[in-house]
Protein chains: 2
Amino acid sequence: MLVRINAAPRMQIDGQLAALAGERMMSCCEFRYRRGFEIFGEGEEPEYVYQIISGAVRTYKLLPDGRRQINAFHLPGDMFGFENETIHRFTAEAIVETNVHLMRRSSILEAVRNGGAGTKDLIKFVTQNLQHAESHMLLLGRKTSLERVTAFLLEMDERLQHPDVMILPMNRRDIADYLGLTLETVSRALSILRDEGLLRFDGNTQRRLELVDRGALARIDA
Amino acid sequence: MLVRINAAPRMQIDGQLAALAGERMMSCCEFRYRRGFEIFGEGEEPEYVYQIISGAVRTYKLLPDGRRQINAFHLPGDMFGFENETIHRFTAEAIVETNVHLMRRSSILEAVRNGGAGTKDLIKFVTQNLQHAESHMLLLGRKTSLERVTAFLLEMDERLQHPDVMILPMNRRDIADYLGLTLETVSRALSILRDEGLLRFDGNTQRRLELVDRGALARIDA
DNA sequence: GCGGCCTATTGATCGAGATCAAACAAGCAT
DNA sequence: ATGCTTGTTTGATCTCGATCAATAGGCCGC
């Protein structure tokens, strides 16, 4: 499940983790998780904080009967897994083969205790998560299915820095569980947007798509 | 709209704000907001952080066409309104006549900058908000109307410390906008719970209610 | 090539919750 | 008391998204 890969030093892809660690690179290792495998589970004790080098991760909560709500997707550069409490509040899984940097949670807590420079970054990190959660509550509580799917496309477009062709790592069920819909409804909404000429499926696979009219999409996302 | 009340020194009802301010009580005033009045608006520049002395507050986001999502209800003792950014990300309104303690946001930021003792409390505060948001996303994305209303009742019961009779400050529309439902659906769910003997409306007003069977309610809230 | 598996689309039907509507109760000012 | 406004319940109907179901394409191993 956990596969250690080459241990050669490697540049970090951005400064989030480094700032939190006080630029000291302490306790950093690189790991690879295969597609579909669990990185940590809800209720487990948090040992590491993670930063994605390549790949994609979903974090989610489950109800006892299996209903799933994905809180967030994490893409290259993103940090996840920090907990202030003694247990993880959700599960994290690799959506595709994923390489992560990890560092010991204890190092970060220590840095904060010592009034380290990373404290401000930590507050910023948690605040950004909170902001995302707040706008996602508005989406889940009050938006229609077409608005939700459109908002998802625009969010991914922005986080991938407006690529010509967007390659989605997640399947329709993941998108549905992120948006509080079913996979069929997600598929139907995408078909509507395609039929109206706002996006194109690229080539033979439905995970590559091109946003043709971002303005019109932004108008749909209330 | 803003009414200053007597300026006599007053005990704080708990230590949250005091801790953040480094126990120095700096910049603290007391204000009263009348029922329905706005405390701050989405997009405004944050000047203060608030702690409720008495009353209740709702914070919410609006879509352009008026659809509303309430993020959270704030009760006596709760802090709200802290922003790491330069603008408020939602609107806050007094649900009933509400007295608050307020302190300058700048004092808190300064305390953090100086590595003050309040830093840890601030991280904890933001983290608690994030945790609440995460479980609320699960509710909004995946729970049925009956589960949502039950979860709401249990949340309020806990936050009011399991009173014999719970007095809800908010109306059915507020509850609906918190749970991503309509007020009619909330009303129907409450009637079902009443008819099944899990709760009782107390006396002549529908805002006072008594949880008769907390165990059964907890079983409904998946 | 072929078969098996996974993913996505599309169609048909269902149902939970929204919407529309009416009646009534509570609070409050006059 | 009276009338007005606001809040709540309940009923009837509608609709959006869920569910059930069939089909097809992609991918991989053989």
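Everything quoted here is computed from the prediction, not taken from an experiment.
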Asker: Mark up nucleotides 18-26 of chain C, 5' to 3', with B wherever a protein heavy atom is under 4.0 angstrom from a base atom, S wherever such an atom reaches only the sugar-phosphate, and - elsewhere.
Answerer: SBB-----S
Asker: Flag the pair B/Tyr178 / B/His136 as yes when their ring centroid distance falls below 6.0 Å, and as no otherwise.
Answerer: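 Yes, close enough.
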Asker: Between A/Glu97 and A/Arg32, is there a salt bridge with N-O shorter than 4.0 Å?
Answerer: yes
Asker: Tell me the interatomic distance from B/Leu183, atom CG, to D/dT6, atom C1', rounded to whole angstroms.
Answerer: 12 Å
Asker: Just compare C/dT9, D/dT8, C/dT7 and give me whichever is closest to any side-chain atom of A/Asn171.
Answerer: C/dT7
Asker: Are the charged groups of B/Arg105 and B/Glu83 less than 4.0 angstrom apart, N to O?
Answerer: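 Salt bridge flag = no for B/Glu83 with B/Arg105.
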Asker: List the atom of B/Leu179, the atom of B/Leu139, and the distance in Å for their closest heavy-atom pair.
Answerer: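 Closest approach of B/Leu179 to B/Leu139: CD2-CD2, 4.0 Å.
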Asker: So does A/Arg207 get a side-chain nitrogen or oxygen closer than 4.0 Å to the phosphate oxygens (OP1/OP2) of C/dT9?
Answerer: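 Indeed not, no polar side-chain atom of A/Arg207 lies that close.
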Asker: Starting at atom CG of A/Leu168, determine the distance to atom P of C/dT7, rounded to an integer number of angstrom.
Answerer: 15 Å
Asker: Rounding to a whole Å, what distance do you find between B/Leu190:CG and D/dT9:P?
Answerer: 6 Å
Asker: Could you tell me how far apart B/Leu179 (CG) and C/dA16 (C1') are, to the nearest whole angstrom?
Answerer: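 Rounded to whole Å, this separation is 16 Å.
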Asker: Whole angstrom is fine here: how far is it from CD in B/Glu97 over to P in C/dC28?
Answerer: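 Value for this atom pair: 12 Å.
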Asker: Reckon B/Arg148 touches a base, only the sugar-phosphate, or nothing at all at heavy-atom distances under 4.0 Å?
Answerer: nothing
Asker: Using ring centroids (six-membered ring only for Trp), state whether B/Phe31 and B/His101 fall under 6.0 Å.
Answerer: no
Asker: Please pick, from D/dT10, C/dT7, C/dT10, the nucleotide with the shortest atom-to-atom distance to any side-chain atom of B/Ser191.
Answerer: D/dT10
Asker: Not counting sequence neighbours, which residues clear side chain to side chain donor-acceptor pair (under 3.5 Å) with A/His162? List them please.
Answerer: A/Asp157
Asker: Any side-chain N or O of B/Arg173 less than 4.0 Å from the OP1 or OP2 oxygen of D/dT6?
Answerer: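 For D/dT6, OP1/OP2 do not have a side-chain N/O of B/Arg173 under 4.0 Å.
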Asker: In whole Å, I'd like the distance from the CG atom of B/Leu140 to the P atom of C/dG17.
Answerer: 13 Å
Asker: To the nearest Å, how far apart are A/Arg67 CZ and D/dT19 C1'?
Answerer: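 After rounding, the gap between these two atoms is 15 Å.
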Asker: Residues two or more places apart in sequence or in another chain: which of them pass side chain to side chain donor-acceptor pair (under 3.5 Å) with A/Asp221?
Answerer: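 Expected list: A/Lys143.
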Asker: Whole Å only: how far is the CG atom of A/Leu199 from the P atom of C/dT9?
Answerer: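 Those two atoms, CG and P, are 10 Å apart.
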Asker: Can you identify which nucleotide, out of D/dT9, C/dT9, C/dG17, has its nearest atom closest to the B/Phe201 side chain?
Answerer: D/dT9
